[in-house]
Number of protein chains: 2
Amino acid sequence: MAEKNTKQCILDAAERLFALHGYHHTSLRKITGEANVNLAAVNYHFGSKEALLKAIFEYHLTPLNQTRQENLKAVREQALQQGKIPQVADIIRAFIEPTLRYRDSKSGSNYFIALVGRAMAETDDTVRNLFLHQVKPLGMQLFEIPDLQPERLYWRLQFTVGVISHAMRINGKFQMVPENVHPEQDADSLIEQLVPYLTAGLEAP
Amino acid sequence: MAEKNTKQCILDAAERLFALHGYHHTSLRKITGEANVNLAAVNYHFGSKEALLKAIFEYHLTPLNQTRQENLKAVREQALQQGKIPQVADIIRAFIEPTLRYRDSKSGSNYFIALVGRAMAETDDTVRNLFLHQVKPLGMQLFEIPDLQPERLYWRLQFTVGVISHAMRINGKFQMVPENVHPEQDADSLIEQLVPYLTAGLEAP
DNA sequence: GTCTATAGATTGATAGAC
DNA sequence: GTCTATCAATCTATAGAC
């Protein structure tokens, strides 16, 4: 790990450990230990533990949010060309596909998805505020979606966040699985399970 | 707080702080401080911090699970009398109503719901194992529900857990609310929002 | 049962030599 | 840039007086 760029080694190790055990449960000593790097290197390169987390979010979310925004634009334009309003399923897909596929992409990360899932569910201010600041502009566009009373739409979007966040977090760590079930866990399978579920919920009578 | 039963004061304060800030973010000093009780009292009455959490779960979940089990039985019997299979919406309701209404009930707690929401989402072993041990027997009964491939049912139940857990946790602490929306937060409103959403998701094509 | 005092471990951050 | 050594704070848990 440490034979290349020290800063990158810290980023990689921190991302993995934050995703697996959470921000507050991961000490700088565990991070620098896994990265084979000196303890003081974190504060030299990033300034603080919180700034390290912020750097991880920015590193991944900047390109991810851009992809999401492009997908969303494409869905809107295609619907416009056909004189329709965008389908809920397409909007959902535009939002979740980039993040969920990110795990398998070449520049992507195996662990960042779980970290995002944690951040979406976070009630602690440190992590949540850092994350919300990065995704709020994009997330607010979901409120343009369907023909619903604002309050009903609000709740259903909250539920949507709950589903996605939970799906991202369990990432292989299952609870309450019956013995005869062995669920697929790759990104495509998850997306194909998620889209109809979320669409049905948002469009429920 | 401390003028009555010391043990109960600790339970109440711990429940509140665990719900608001999480188990690991709440020190015994904060608990005993809020309960106006000596620090050593926790270990005297409960043995350890973990045993205190376990006591909180048992205190509330024992009667709650019993109510849930009775509701579920009633739904089954009513369907049987009509020669039908139970409706998904009724099963959902049997599960979530006791917990969500618990906030307003006389013996209930304002904060226990948020604590359950946290526990459902917990990836840390300490909290999750304590909680799962209490709810797994009941939760597994959900797998008897509908006419779905086992894997698809499995995923949809996972999503269901995500929705409920998130709804319980946000409990007044909202993220990304448009300015013109002021959602109701009482138990009945939440249940009426949840049931159709969850039912539609579980029954999606 | 309740208290003080403290042990023993871990944390984030930093000073200063190299 | 990297290292050692350490500070100051925090934590759970416990021993022992009252």
Side-chain angles (χ1 to χ4, degrees), chain A residues 1-57 59 115 118-119 122-130, chain B residues 1-57 59 115 118-119 122-130:
Chain A
M1 263 272 190
E3 63 271 11
K4 302 202 76 179
N5 187 334
T6 295
K7 195 168 174 178
Q8 189 64 45
C9 288
I10 294 174
L11 277 174
D12 291 343
E15 175 190 308
R16 196 181 98 89
L17 293 172
F18 286 164
L20 287 177
H21 310 117
Y23 172 76
H24 293 283
H25 278 83
T26 304
S27 67
L28 293 181
R29 282 170 177 79
K30 282 190 192 127
I31 294 171
T32 54
E34 175 152 324
N36 277 320
V37 148
N38 188 274
L39 170 64
V42 170
N43 277 292
Y44 176 79
H45 284 286
F46 297 94
S48 72
K49 187 185 179 186
E50 190 174 333
L52 168 60
L53 178 64
K54 190 176 175 184
I56 294 172
F57 277 139
Y59 179 81
L115 181 57
R118 277 183 182 274
E122 192 61 65
T123 54
D124 168 72
D125 286 340
T126 313
V127 182
R128 197 192 56 220
N129 288 345
L130 273 179
Chain B
M1 261 274 190
E3 62 271 10
K4 302 203 75 179
N5 186 334
T6 295
K7 195 169 174 177
Q8 189 64 45
C9 288
I10 295 174
L11 277 174
D12 290 343
E15 174 191 308
R16 195 181 98 89
L17 294 172
F18 286 165
L20 287 176
H21 310 117
Y23 173 75
H24 292 283
H25 279 81
T26 304
S27 67
L28 294 181
R29 280 172 178 78
K30 282 190 192 130
I31 294 171
T32 54
E34 175 152 324
N36 278 320
V37 148
N38 188 274
L39 171 63
V42 171
N43 278 293
Y44 176 78
H45 285 285
F46 297 93
S48 72
K49 187 185 178 184
E50 190 173 332
L52 168 59
L53 178 63
K54 190 177 175 184
I56 295 172
F57 277 139
Y59 179 80
L115 180 57
R118 277 184 183 273
E122 192 62 64
T123 55
D124 168 73
D125 286 340
T126 313
V127 182
R128 197 192 55 221
N129 289 344
L130 272 179

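Just so it is clear, the values below take in all heavy atoms, side chains as well, and ignore hydrogens, waters and symmetry mates. Residue numbers begin at 1 in each chain, while the letters A, B, ... track the order of the sequences.
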Peer 1: Taking the cut-offs as 6.0 angstrom to the six-membered ring centre and 45 degrees off its axis, would you call K7(B) and F46(B) a cation-pi pair?
Peer 2: yes
Peer 1: If you find the nucleotide of DNA chain C closest to A40(A) and the one closest to K30(A), which residue's nucleotide is nearer the 5' end?
Peer 2: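 Here K30(A) is the residue nearer the 5' end.
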Peer 1: Work out which heavy atom in A41(B) is nearest to a heavy atom in V37(B); give both atom names and the distance.
Peer 2: CB-CG1, 3.4 Å
Peer 1: With a non-hydrogen cut-off below 4.0 angstrom, is A41(A) in contact with a base, only sugar-phosphate, or nothing?
Peer 2: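 Contact class for A41(A): none.
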Peer 1: Report the distance from atom CD1 of I31(B) to atom P of dA13(D), rounded to the nearest whole Å.
Peer 2: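 About 11 Å, once rounded to whole Å.
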Peer 1: Going by number, which of residues 46-54 of chain B have a non-hydrogen atom under 4.0 Å from DNA chain C?
Peer 2: none
Peer 1: Would H24(B) and H25(A) count as a close aromatic pair, with their ring centres under 6.0 Å?
Peer 2: yes
Peer 1: Could you walk me through whether L39(B) and I31(B) pass the side chain to side chain contact (heavy atoms under 4.5 Å, CB included) check?
Peer 2: CA-CA 8 Å; L39(B) 171 63; I31(B) 294 171; over 6 Å; no
Peer 1: Check this one for me: any side-chain N or O of H25(B) less than 4.0 Å away from OP1 or OP2 of dC11(D)?
Peer 2: no
Peer 1: Tell me whether K49(A) forms a cation-pi arrangement with F18(A), defined as NZ or CZ under 6.0 Å from the six-membered ring centre and within 45 degrees of its axis.
Peer 2: no
Peer 1: If I take atom CG in residue L28(B) and atom P in nucleotide dT2(C), what distance separates them, rounded to the nearest angstrom?
Peer 2: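 L28(B) atom CG is separated from dT2(C) atom P by 16 Å.
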Peer 1: Under 4.0 Å, counting only non-hydrogen atoms across every strand here, what does T26(B) touch: a base, just sugar-phosphate, or nothing?
Peer 2: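 Sugar-phosphate: the residue T26(B), judged by heavy atoms under 4.0 Å, touches backbone atoms but no base.
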Peer 1: How many Å lie between CD1 on I10(B) and P on dG1(C), as a whole number?
Peer 2: 11 Å
Peer 1: Using side chain to side chain contact (heavy atoms under 4.5 Å, CB included) as the criterion, list what pairs up with S27(B), not counting sequence neighbours.
Peer 2: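 S27(B): side chain to side chain contact (heavy atoms under 4.5 Å, CB included) contacts with R29(B), K30(B).
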Peer 1: Heavy atoms from C-beta onward define the side chain here; which of dA13(D), dA15(D), dA13(C) lies closest to that of L39(B)?
Peer 2: dA13(D)
Peer 1: Check this one for me: any side-chain N or O of H45(B) less than 4.0 Å away from OP1 or OP2 of dT2(C)?
Peer 2: yes
Peer 1: Indicate whether OP1 or OP2 belonging to dG1(D) is found under 4.0 Å from a side-chain N or O atom of T6(A).
Peer 2: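 It does not, given that no N or O in the side chain of T6(A) lies less than 4.0 Å from OP1 or OP2 of dG1(D).
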Peer 1: Phosphate oxygens OP1/OP2 of dC11(D): is one of them under 4.0 Å from a side-chain N or O of S27(B)?
Peer 2: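 So the side-chain polar atoms of S27(B) do come within 4.0 Å of the phosphate oxygens OP1 or OP2 of dC11(D), strictly under.
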Peer 1: At under 4.0 Å, does any side-chain N or O of N38(B) touch on OP1 or OP2 of dT4(C)?
Peer 2: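 Checking dT4(C) against N38(B), a side-chain N or O does come within under 4.0 Å of OP1 or OP2.
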Peer 1: Nearest-Å distance, CG (N36(B)) to C1' (dT2(C))?
Peer 2: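 Between C1' of dT2(C) and CG of N36(B): 14 Å.
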Peer 1: Can you check the R29(A) CZ to dA13(C) P distance for me, whole Å?
Peer 2: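 After rounding, the gap between these two atoms is 11 Å.
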Peer 1: Nearest-Å distance, OH (Y44(B)) to P (dA15(D))?
Peer 2: 15 Å
Peer 1: Can you tell me the distance, in whole Å, between the NE2 atom of H21(A) and the P atom of dT10(C)?
Peer 2: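 Interatomic distance, NE2 of H21(A) to P of dT10(C): 16 Å.
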Peer 1: Sub-3.5 Å donor-acceptor pair from the side chain of Y23(B) to the main-chain atoms of A119(B), do we have one?
Peer 2: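 No, the answer is negative, given that no donor and acceptor are paired below the 3.5 Å cut-off.
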